[in-house]
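Take a look at the structure set out below.
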Amino acid sequence: MWHRILAEIVTASTLAVGRAIGKAFREEYTETAQAWKNIQHQTRREAAEDAETKSASVKAGITIAEAAQILNLQEPYSKETVENNYEYLFNVNAKEQGGSKYIQAKVLNARERLLEDLQNKTRTIDK
C-alpha cells in the first residue's frame, strides 16, 4: 500500500517539475527569439547608416583619411580649408605648369569626398 502512495507522489512531483522546466524553456526561448529580432533590427538600421558612408567611399574610390592626406588636412577641417587646399594643389599640378592630370584627378576626388563627408556630418547634426 505505501508503495502505491510513494509511486503517486513521485509521479505527481515528476509531472510538476517537468511542467515547470518546460515552461521555463518556453519563456527562455521566447525571450531569446525577441532579443534576436531586436539585434537584427538594430543591425539592419546600423547597416543602412553605414551603407551611406561606405557608398560615398565607393563612389569616390577614396576614404576620408586618404582624402585628407591628399589635401594635406587634419581633422577638424572646414569647407574653406578644403577649398583652399584643393585650389592650390589643383593649380600647382596643372598640365601647363608641368603637373599631372592623374594628380589633379586625385586632388579633385579628395575634395569631393571631404565635402561629401562634411555634408553628411551637418545632416547628422541637424537630425
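- Distance CG/Asn93 to NZ/Lys101: 12.5 Å, rounded to 0.5 Å.
- Proximity of Leu114 to Leu118: side-chain heavy atoms (C-beta onward) are nowhere separated by under 4.5 Å.
- Val107 approaches Phe90 most closely through the heavy-atom pair CG1-N, 4.1 Å.
- Checked against side chain to side chain donor-acceptor pair (under 3.5 Å), Gln34 has the following partners two or more places apart in sequence or in another chain: Asn38.
- Here the closest heavy-atom approach between residue Gln104 and residue Ala94 is recorded as NE2-CA, 3.3 Å.
- You'll find the side chain of Ile62 reaches within 4.5 Å of the side chain of Ile70, heavy atoms only.
- Annotation: side chain of Glu75 is in contact with side chain of Tyr77 (closest heavy-atom distance under 4.5 Å).
- Once rounded to the nearest 0.5 Å, the distance linking CG of Leu15 with CZ of Arg19 reads 5.0 Å.
- Within the 4.5 Å cutoff, no side-chain heavy atoms of Glu80 are placed close to those of Glu83.
- Under a hydrophobic clustering in which Ile, Leu, Val, Met, Phe, Trp and Tyr are joined whenever their side-chain heavy atoms come within less than 4.5 Å, directly or via other members, Tyr29 and Ile21 fall into different clusters.
- For the atom pair Lys106 NZ and Gln69 CD, the distance stands at 10.0 Å (nearest 0.5 Å).
- The CG atom of Leu71 lies 11.0 Å from the CG atom of Asn84; values are rounded to the nearest 0.5 Å.
- Side-chain contact between Arg4 and Glu8 is present, with heavy atoms from C-beta onward closer than 4.5 Å.
- Residue Asn91 places its CG atom among more than 12 non-hydrogen atoms of other residues, nucleotides or ligands, all under 6.0 Å distant.
- By the 6.0 Å contact criterion, CD on Gln74 is open, its count of non-hydrogen atoms from other residues, nucleotides or ligands being 12 or less.
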